[in-house]
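As structure tokens, the structure follows; a few thoughts come after it.
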Amino acid sequence: GANGCDGFPKIKVAIVGGGLVGTLSACYFAKRGHEVHLYELRPDIRELEHVPGRSINLALSVRGRAALKEVGLEEQLVQRHGIPMYARMIHELDGSTRSIPYGKKDQCIYSVGRRFLNESLLTAAEKYPNVHCHFNQKLVSANLKQGQMTFERQPSKEIEQVEAQLVVGADGAFSSVRKQMMKQPLCDFSQTYIPHGYLELCIPALSDGTHAMPKNYLHIWPRGRFMMIALPNQDASWTVTLFMPFDEFGKLDTPQRLLAFFKEHFPDAVPLIGEEKLVSDFFACKPSPLVSVKCGPYNIGDTALIIGDAAHAMVPFYGQGMNAGFEDCRLLDAVLLKHKFDVGPALKEFSTTRRPDAEAICGLAMYNYVEMRDLVNRKSFLIRKKVDSLLHSLMPNLWIPLYTSVTFSHMPYAQCIKNKEWQDKILDRALTLMAASLVAFAAFFFYNATY
Ligand SMILES: Cc1cc2nc3c(=O)[nH]c(=O)nc-3n(C[C@H](O)[C@H](O)[C@H](O)COP(=O)(O)OP(=O)(O)OC[C@H]3O[C@@H](n4cnc5c(N)ncnc54)[C@H](O)[C@@H]3O)c2cc1C
Ligand SMILES: COc1ccc2c(c1)CN(c1nc(C(=O)N(C)c3cc(Cl)c(F)cc3C(=O)O)c(Cl)s1)C2
């Protein structure tokens, strides 16, 4: 395409999927002066009415914030709208609570509204004159090598053919662009559904408009096979997510059983949610599945690429899915710039470098899901946190705990794992050494005392 004022070629980019990652990616491409066409299956969510108490929220941490910052949105979307969470608040069965800080006193993650984020990113993208949004358009097929796409207008089913020099698939965990890519040889794909489902509930604001629980915390009710988590909303309500195996959900098939279950496992949450609201919200919708997707490579030559959940959907037990997708946008922009928008080599480098990191965080999230039980015998969770924070305070640049490196650093996810393995080796050796010296000391003491 024509070379813009910065000397880089300008191309026509089609982004499929106007969710969190697609809209942010549109801002990045638009900022570089490309012609961006964003195609979204759903209608323009900004025109849909707001259903109170149905706001879904997410934990945004440094990786996601850095990506928003580069398109000038961090201040507006996070500082002004996000609610800082400085610690986890763990709710014990007896109703007692205990907080575990995320890090130093100013280190926090932010609770942000999904719909607010998506609407704001759409509006930010549309501000660029070179961005064109097309709603109610569903990608149904494509010839990605030629940059050709076929969309079906909803609900008329009218077909529209579109061409672009680059197709970016940001169409989520069940991506149509990825499905088209998988027709190519040498494309790997695996997906894993876990036996747990999730369902959102709501803790309403108190009558005086304040939060019903301490506001700046990520609240957790860890109960082994199931768990509840609550993030604060701007309107002083809480969005509560219940994670439970589908067969457990199936047993709660009457209001009586539901209330008995909550009174047994989450007694302190029942008055906060309210019994009527608990029953109505719980039976209002079915639990949703959780899937983990790994695939690769992420590109086809210089004409197609997948990012976000389309490339690496993960279970949410690290609060990194959106953060990783936003980080994709930032890293893609950097690698395109590095290659002066020579798209072919840039996409190849993006896919080669990003895939091991994406697969690492997918693995860490699944590991957390399996370890979630350990959040129950909090001793291990607590002890590891205390050891980690002690060593981190002694050797801040050497000993970076795994959770800190994932949530509070830009360390490539794969390096976070290597870093953790190194630490485990050190910890194991230290414990072995301590144990051995303890034995030696005891033997020495015993020997002296006896002879
Ligand atoms: C319960 C739960 C809790 C989570 N908590 C967190 C958290 O705390 N922090 C965090 O960082 N992440 C979290 N995540 C992950 C986060 O929600 C996802 O990583 C993020 O939404 C991915 O964004 P995306 O744009 O890639 O995909 P999506 O948000 O799924 O957007 C895909 C878009 O593409 C559109 N689309 C799909 N198919 C087509 C098609 N054929 N044609 C056109 N458009 C199409 C869809 O309508 C949608 O708008 C959580 C996820 C779940 C399930
Ligand atoms: C909206 O729905 C959801 C659902 C799940 C999550 C989030 C939002 C946000 N999540 C975060 N997880 C971490 C984390 O690193 N770990 C190890 C944790 C993992 C679990 Cl499962 C947990 F309950 C607490 C922590 C914790 O440490 O607080 C963060 Cl840091 S944020 C999980």
Side-chain angles (χ1 to χ4, degrees), residues 15-25 38-43 45 56-61 63-64 85 87-90 100-103 107-112 114 117-118 121-122 134-142 149 151-152 154 169-180 196-200 217-222 227-231 239-243 288-291 306-329 361 364-365 367-369 371-372 374-375 381 385 401-408:
I15 298 176
V16 180
L20 297 174
V21 174
T23 48
L24 180 61
S25 186
L38 184 67
Y39 294 91
E40 167 54 42
L41 157 70
R42 297 171 299 170
I45 53 174
I56 312 287
N57 47 23
L58 306 129
L60 179 70
S61 37
R63 294 172 197 264
M85 300 181 284
R88 309 105 171 141
M89 182 72 86
I90 294 186
I100 305 176
Y102 278 113
Q107 276 189 315
C108 64
I109 56 179
Y110 288 87
S111 174
V112 289
R114 177 192 288 276
L117 262 186
N118 209 159
L121 285 165
L122 269 174
H134 310 268
F135 297 104
N136 306 301
Q137 292 280 19
K138 177 180 182 180
L139 182 82
V140 290
S141 74
M149 295 151 281
F151 288 96
E152 185 184 81
Q154 306 301 309
D171 46 345
F174 307 100
S175 162
S176 297
V177 175
R178 186 185 65 227
K179 279 192 195 92
Q180 296 298 327
H196 277 66
Y198 72 93
L199 183 138
E200 275 112 4
Y217 293 85
L218 182 147
H219 291 256
I220 320 170
W221 290 260
M227 179 193 86
M228 226 159 56
I229 190 166
L231 274 68
T239 300
V240 182
T241 310
L242 171 63
F243 294 96
S288 304
L290 290 166
V291 71
I306 45 178
I307 55 176
D309 275 17
H312 44 70
M314 60 195 81
V315 291
F317 302 99
Y318 229 121
Q320 282 295 316
M322 162 189 62
N323 284 287
F326 281 6
E327 192 173 58
D328 286 350
C329 297
I361 186 59
L364 281 173
Y367 172 82
N368 257 1
Y369 163 66
E371 290 297 295
M372 208 164 57
D374 260 10
L375 268 166
F381 187 72
K385 287 265 168 287
L402 174 65
Y403 300 130
T404 310
S405 64
V406 168
T407 307
F408 293 103

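Atoms within each ligand, like the ligands themselves, are counted from 1 in listed order.
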Of the backbone atoms (N, CA, C, O) and the side-chain heavy atoms from C-beta on, which set of Ala313 has a member under 4.0 Å from an atom of ligand 1: side chain, backbone, both, or neither?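 It is neither; nothing of Ala313 touches ligand 1.
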
Ligand 1-proximal atoms of Met314, by part, heavy-atom distance under 4.0 Å: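 Contact part for Met314 vs ligand 1: neither.
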
Who's the nearest protein heavy-atom neighbour of [atom], and how far?
atom: atom 26 (O) of ligand 1; result: Asp309 N, 2.9 Å
atom: atom 47 (O) of ligand 1; result: Glu40 OE2, 2.7 Å
atom: atom 45 (C) of ligand 1; result: Leu41 CB, 3.6 Å
atom: atom 41 (N) of ligand 1; result: Ser176 OG, 3.0 Å
atom: atom 12 (N) of ligand 1; result: Met322 N, 3.0 Å
atom: atom 5 (N) of ligand 1; result: Leu58 CD2, 3.9 Å
atom: atom 9 (N) of ligand 1; result: Ala59 O, 2.9 Å
atom: atom 36 (N) of ligand 1; result: Asp171 CB, 3.8 Å

For Tyr369 and ligand 2, answer yes if some heavy atom of the residue is under 4.0 Å from a ligand atom, otherwise no. no

Give a yes/no verdict on whether any heavy atom in Tyr198 is under 4.0 Å from an atom of ligand 2. no

What are the atoms of ligand 2, with element, lying closer than 4.0 Å to any heavy atom of [X]?
X: Thr407; value: 15 (O), 30 (Cl)
X: Ile229; value: 4 (C), 5 (C), 6 (C), 7 (C), 23 (F), 32 (C)
X: Ala59; value: 9 (C)
X: Ile109; value: 31 (S)
X: Met227; value: 21 (Cl), 23 (F)

For Glu40, what residues pass the salt bridge (charged side-chain N to carboxylate O under 4.0 Å, His left out) criterion, not counting sequence neighbours? Arg42

Below 3.5 Å, N or O to N or O, backbone or side chain included: is there any such pair between [X] and ligand 1?
X: Asn323; answer: yes
X: Thr241; answer: no
X: Tyr198; answer: no
X: Arg42; answer: yes
X: Leu139; answer: yes

Under 3.5 Å between some N or O of ligand 2 and some N or O of Asn57?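 No, there is no polar N/O contact under 3.5 Å.
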
Does any N or O of ligand 2 fall below 3.5 Å from an N or O anywhere on Tyr403, backbone included?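 No.
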
Counting heavy atoms only, which of [options] is nearest [atom]?
atom: atom 4 (C) of ligand 1; options: Pro316, Ser25, Gly19; answer: Pro316
atom: atom 30 (O) of ligand 1; options: Ser111, Ala310, Gly172; answer: Gly172
atom: atom 21 (O) of ligand 1; options: Arg114, Lys179, Arg63; answer: Arg114

Under 4.0 Å from a heavy atom of Val21: which atoms of ligand 1 are those, numbered in the order shown and with their elements?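 That gives atoms 23 (O), 24 (P), 25 (O), 26 (O) of ligand 1.
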
Quick check: Phe317 with Phe243 (ring centres under 6.0 Å apart)? yes

Gly325 near ligand 1, heavy-atom distance under 4.0 Å?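 Per 4.0 Å heavy-atom rule, Gly325 does not contact ligand 1.
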
Below 4.5 Å, heavy atoms only, C-beta onward: do Val21 and Leu24 meet side chain to side chain? no

